2 protein chains.
Amino acid sequence: MAQQGLAGIRSHYPRLSDKEKKIADFILKQPETIVHQTISQVADHLDVADATVSRFCKRIGYKGYQALKIALAPEIMAPNDMLHEEITDNDDAKMVAEKIFQSNIRTLENTLQVLGENELEQAAELLLSARRAEFYGFGGSNMVAMDAYHKFVRSGVPAFAFPDAHLQLMSASQLSSEDVAFIFSHSGASKDAYQLLQTIKKSGAKTIAITGFPKSPIGQQVDVALHTSSEETAYRSEALASRIAQLSIIDALYVTVIMRQKDKAQASVEKVRNAIAATKM
Amino acid sequence: MAQQGLAGIRSHYPRLSDKEKKIADFILKQPETIVHQTISQVADHLDVADATVSRFCKRIGYKGYQALKIALAPEIMAPNDMLHEEITDNDDAKMVAEKIFQSNIRTLENTLQVLGENELEQAAELLLSARRAEFYGFGGSNMVAMDAYHKFVRSGVPAFAFPDAHLQLMSASQLSSEDVAFIFSHSGASKDAYQLLQTIKKSGAKTIAITGFPKSPIGQQVDVALHTSSEETAYRSEALASRIAQLSIIDALYVTVIMRQKDKAQASVEKVRNAIAATKM
DNA sequence: TTGCAATATGAAAATTATTTTCTTATTATG
DNA sequence: CATAATAAGAAAATAATTTTCATATTGCAA
């Protein structure tokens, strides 16, 4: 009896009837709707009988509709933790830590939500096929660019990054259309980063950016834009939350790339096997 | 209308009648009981009328008993996120990102839980009173050390960090008993970091470390040890989650330090004011 | 102290919501 | 094609919740 909320519904899905799948689709698509609805409202909306909804609940392991609603509630509502509470002068060190950690957690959650599926795929494919991948960032973002370089150089992708703004610009001007340039810019509007982007576009290289502002000049002009979503807070000395989200995106791209490389290596082995088999016929 | 689950019940408490307080006490004491009980079971258990329970729910801001149960559910049950699911070869880029992000979120949550209140205070006080604060890390942790340096140098604390292992060791040997050395080591057992710690202890400086393993040599020998708590996973090229937790701890310490500095500046102004007032008597 | 108004409470009635049962339709298999 | 199993809807039965009514209690003013 695997009662696992939304995940449980997904795991039962292949064994459901057409009507039951219709109910499952509705719940999976907008679970926040049903927890405040009666079984009759759901059934009317889907043009199924009340009894069918009740049976669906039992089918996936619950005592009934009420039990399903209680089980789903935690997945659609966050526990009542501190709602974006700002750090105040009365806070001791642990309370400061708690507020900062919660803010960083929210940023990761929000970023995951706005992260585009297509953009992730495109970015991974560009990095996979790049003759040369260069990572750029200014200020705190330069740390992320260096980190990306350390990561990707291990994947076999020819990766580069530069700790110095001048070196970044010089290398950018040497790129060509088979290269990929990856820019980290939280605001998407810094003069240095924008100027660099113009240089890169002149070189013909493909461009990827991670920015917190989709409508920013950089966010609008790159080939593939990935977005972070973080809070504005008063005590922030800098955008650490945004950088944490950037690091996580890079980690995801890196893992995707090495998995794809494994796939390619596998496919090459298959090709060699087939060629050998053909010569033996 | 402040509907705030358990917190909402607490805030209404002073204004409740005796019977209503009895209901509130029951819910506050064991909220996990009522979410699976009918209103009649609760009323019988407390020797009150069903109607009294229903009215209580309305009194504290809900539409009725059902709405209260749905609202309480998230506070007593954790969301059913993906339970430590490993990345598999079938995962597309978005699924990879989701698993990595969830893992990072869990690390932040777990780290916040194990973070010691006293240790945080001690670390902040040591940094505040340090004649000189030096940050050390090897491999990926060196990035965190450099980040800490960039942050603390802005606070006015005399802060230093070194991108090179050799420079780290040389500078460590120059410390004295009025200095603070801050070591980042995920395993707490790397030879380089341990050797560095022995050098620092000889110098008499106070030592702080952030490590994922409290029982490790470094975790056991420093004056103040702060702990991260992260998952072991198969796909991890490196401990990014751990580094994210380390960065968050540093951010919290940094904010605490600058707030304390503000307090001190305030206290100094008071002292000067008092001294002037005394000369005028 | 007494009377009155407001509030709280329980029991019963009314209403709503959910689940089960019965019947029919559909699908899969031999 | 016939039969058995399963799915689905409508209706009936049951359960749960809410509202109403009557009574009790408390607080306040005269």
Side-chain angles (χ1 to χ4, degrees), chain A residues 1-3 5 8-28 30-73 76, chain B residues 1-3 5 8-28 30-73 76:
Chain A
M1 172 128 56
Q3 307 181 20
I9 295 174
R10 279 188 212 108
S11 71
H12 279 86
Y13 196 85
R15 291 181 294 278
L16 301 177
S17 68
D18 288 349
K19 289 289 175 92
E20 286 167 340
K21 275 175 177 161
K22 197 172 176 185
I23 298 164
D25 289 338
F26 181 63
I27 296 172
L28 291 171
Q30 42 191 156
E32 68 282 353
T33 304
I34 84 146
V35 295
H36 295 299
Q37 291 191 323
T38 65
I39 198 169
S40 298
Q41 287 171 332
V42 174
D44 287 348
H45 182 265
L46 297 175
D47 199 32
V48 300
D50 298 5
T52 308
V53 179
S54 182
R55 274 187 292 252
F56 168 82
C57 299
K58 286 170 173 289
R59 186 72 173 275
I60 60 174
Y62 293 97
K63 187 157 179 276
Y65 183 65
Q66 288 301 312
L68 173 66
K69 286 205 288 185
I70 298 286
L72 288 180
I76 59 176
Chain B
M1 178 135 44
Q3 308 182 16
I9 296 174
R10 278 187 214 107
S11 70
H12 278 88
Y13 197 83
R15 293 182 293 278
L16 301 179
S17 69
D18 289 350
K19 290 288 174 92
E20 285 167 342
K21 275 174 178 164
K22 197 171 175 186
I23 298 164
D25 289 338
F26 181 64
I27 296 172
L28 291 171
Q30 41 191 161
E32 68 283 350
T33 304
I34 85 144
V35 294
H36 296 300
Q37 293 191 320
T38 65
I39 198 168
S40 298
Q41 288 171 330
V42 174
D44 286 347
H45 182 264
L46 297 175
D47 199 32
V48 301
D50 299 6
T52 306
V53 179
S54 180
R55 275 186 293 251
F56 168 83
C57 299
K58 284 169 171 289
R59 185 73 174 274
I60 60 174
Y62 293 97
K63 188 157 178 271
Y65 183 65
Q66 288 301 310
L68 173 66
K69 287 204 288 186
I70 298 286
L72 288 179
I76 61 176

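These numbers come from a predicted model, not from an experiment. Letters A, B, ... are given to chains in the order of the sequence lines, protein chains preceding strands, and every chain is numbered from 1.
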Original post:
Hey, does the side chain of A/K19 reach the backbone of A/A49 with a donor-acceptor pair shorter than 3.5 angstrom?
Top reply: no
**OP:** Would you check if there is a donor-acceptor pair between the side chains of B/D25 and B/Y13 at a distance under 3.5 Å?
**Re:** yes
Original post:
Mind checking whether B/Y65 and B/S54 have side chains closer than 4.5 Å, heavy atoms only?
Top reply: no
**OP:** Using a cut-off of strictly less than 4.0 Å, decide whether B/S17 has a side-chain nitrogen or oxygen near OP1 or OP2 of C/dT7.
**Re:** no
Original post:
Are any of B/K19's side-chain N or O atoms less than 4.0 Å away from OP1 or OP2 of C/dG10?
Top reply: yes
**OP:** Respond yes when some side-chain nitrogen or oxygen of A/S40 is under 4.0 Å from OP1 or OP2 of C/dT16, and no when none is.
**Re:** no
Original post:
Would you say D/dA7 has OP1 or OP2 under 4.0 Å from some side-chain N or O of A/R59?
Top reply: yes
Original post:
Which comes earlier along DNA chain D counting from the 5' end, the contact point of B/R55 or that of B/Q66, where each point is its nearest nucleotide?
Top reply: B/Q66
Original post:
Hey, are the side chains of A/K22 and A/D18 touching, using non-hydrogen atoms and a 4.5 Å cut-off?
Top reply: no
Original post:
Considering heavy-atom distances to DNA chain C, does B/L16 or A/A67 have its closest nucleotide positioned more toward the 5' end?
Top reply: B/L16
Original post:
Taking for each residue the nucleotide of DNA chain C with the nearest heavy atom, is it B/A51 or B/R15 whose nucleotide lies nearer the 5' end?
Top reply: B/R15
**OP:** Tell me whether the OP1 or OP2 atom of D/dG9 has a side-chain N or O from A/T52 closer than 4.0 Å.
**Re:** yes
**OP:** Scan B/V48 against the nucleic acid and name what it touches under 4.0 Å (heavy atoms): base, sugar-phosphate only, or nothing.
**Re:** sugar-phosphate
**OP:** Round to a whole Å and report the spacing from NZ of A/K58 to C1' of D/dA8.
**Re:** 17 Å
Subject >> Side-chain N or O of B/K63 closer than 4.0 Å to phosphate OP1/OP2 of D/dT18 >> reply: no
